[in-house]
Protein chains: 2
Amino acid sequence: MTSTTTRERLLGSARTLFQRQGFAATGIKQILEVSDAASASLYHFYPGGKHDLAADAIRTSGAEYQALVESVLDSAPDPCAGVRACFDGAASTVEASGYQDACPIATVASEIANTDDELRQACADVFDSWIDAAAKRFRAAGVKPAAARELAVTFIMLLEGGFLMARVRRDAAPLRRAGRTMEALVRASLDS
Amino acid sequence: MTSTTTRERLLGSARTLFQRQGFAATGIKQILEVSDAASASLYHFYPGGKHDLAADAIRTSGAEYQALVESVLDSAPDPCAGVRACFDGAASTVEASGYQDACPIATVASEIANTDDELRQACADVFDSWIDAAAKRFRAAGVKPAAARELAVTFIMLLEGGFLMARVRRDAAPLRRAGRTMEALVRASLDS
DNA sequence: GTCTATAAACCGATAGAC
DNA sequence: GTCTATCGGTTTATAGAC
């Protein structure tokens with residue numbers, strides 16, 4: 001019995017559409033159609049309209065993806081295998097969705113970085129949280145704090161670059177390639 | 001005497017606006033205002049309208065950025081210093097523009113990857129061309145062809161991830177950090 | 001909370017004179 | 001090649017009944 005509220009459907013549709021098409025190209029009308037909801041419902045739950053909805057989409061999608069990455073990292077025998085599994089899993093997801101689903105926030109982040117400081121900050125918070133989560137695990141594996149953080153930043157940069165490359169070229173191989181590179185970087189940090 | 005034609009102004013404005021705001025958020029009206037041109041002029045030079053203009057913007061911006069990267073790589077004493085100079089230069093440009101100007105095509109590429117196959121292919125061609133240019137130089141420095149290409153793909157992924165991270169967090173340090181990582185990866189490939 | 005109807009502005013694109 | 005004027009459609013957001 002999976003009863004979904006109108007609010008849940010609105011947020012869910014918005015998250016998917018923003019992820020795949022970006023902020024500007026996704027219309028309120030389209031979100032309402034996919035959600036099978038009325039216009040007034042959206043403004044009831046999100047008085048600020050499209051902007052409020054996007055802020056919630058960024059926060060919740062960021063948190064969900066973080067939980068996924070954390071579970072992958074934590075179920076691997078060591079951080080090397082962990083980061084590699086993250087990239088391999090990302091590659092499989094991208095392929096399975098026909099190159100539609102990659103990073104949940106990257107397209108919106110790229111669009112609004114110069115034009116909407118509130119949404120930009122929400123995206124920055126998500127990235128920071130992802131970096132913290134990864135850095136914490138690298139430290140736990142014996143990497144020094146400063147190096148662990150830099151490694152975590154590189155992890156996210158490589159993942160984002162891989163997502164973009166895979167989507168544009170319709171080829172998940174670069175993402176898997178990035179995973180092996182990241183694995184080597186983590187290994188080098190553990191040895192030193 | 002730098003006389004600019006209407007066509008040049010249209011393309012120039014479009015390139016800047018698409019780079020900073022993306023495709024969907026940039027209106028024809030805004031492009032015309034910045035270009036100080038009439039609506040009919042745009043459709044005279046670009047019968048396909050916004051779509052044609054974007055295709056030209058992607059191609060010309062891609063070629064121009066490639067020429068810049070090539071000149072930086074070619075004026076460095078070796079590929080290690082070359083890739084590092086690319087990231088340091090990118091970081092300086094991002095900072096100098098107040099975090100507005102990063103990759104000329106990434107925002108548009110991310111937006112249209114799922115929704116416009118013609119523009120997606122134009123972006124894919126740009127990335128391929130950048131990768132070829134970098135791979136060629138790694139080969140010339142002694143890296144085996146297959147490894148050189150993989151190194152070049154990693155170069156672009158790390159650059160794109162760095163651009164996004166820098167813009168969203170308003171901090172160019174991750175981009176410089178990525179440069180040192182890339183330098184180490186090139187050095188490791190040269191030693192083997 | 002949800003319905004229907006609609007306001008008010010803006011969108012990309014085009015017509016026709018010059 | 002460029003001007004002015006404008007078309008038809010869509011956009012975000014709101015009003016008022018229920």
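Per chain, numbering begins at 1; letters A, B, ... match sequence-line order. Since we're looking at a predicted model, the values are computed, not measured.
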Y46(A) atom OH is separated from dT12(D) atom C1', nearest whole Å, by 17 Å
Stacked cation flag R7(B) on Y46(B), 6.0 angstrom / 45 deg:
yes
Side-chain atoms of residues 183-192 of chain A: list all donor-acceptor pairs with protein atoms under 3.5 Å, sequence neighbours left out, distances to 0.1 Å.
{"from": "E183(A)", "atom 1": "OE1", "to": "R84(A)", "atom 2": "NH1", "distance (Å)": "3.1"}
{"from": "S189(A)", "atom 1": "OG", "to": "L185(A)", "atom 2": "O", "distance (Å)": "3.3"}
{"from": "S192(A)", "atom 1": "OG", "to": "S189(A)", "atom 2": "O", "distance (Å)": "3.2"}

May I ask you to test the R137(B)-D74(B) pair for a side-chain heavy-atom distance under 4.5 Å?
yes
Which whole-number value in Å describes the distance from I31(A) CD1 to dT10(D) P?
17 Å
Do T6(A) and S35(A) have side chains that get closer than 4.5 Å, going by heavy atoms?
no
Going 5' to 3' through nucleotides 2-15 of chain C, assign each nucleotide B (protein heavy atom under 4.0 Å from a base atom), S (under 4.0 Å only from sugar-phosphate atoms) or - (no protein heavy atom that close).
SBB------SSBBB
Proximity of F155(B) and W130(B) rings by center, below 6.0 Å
no
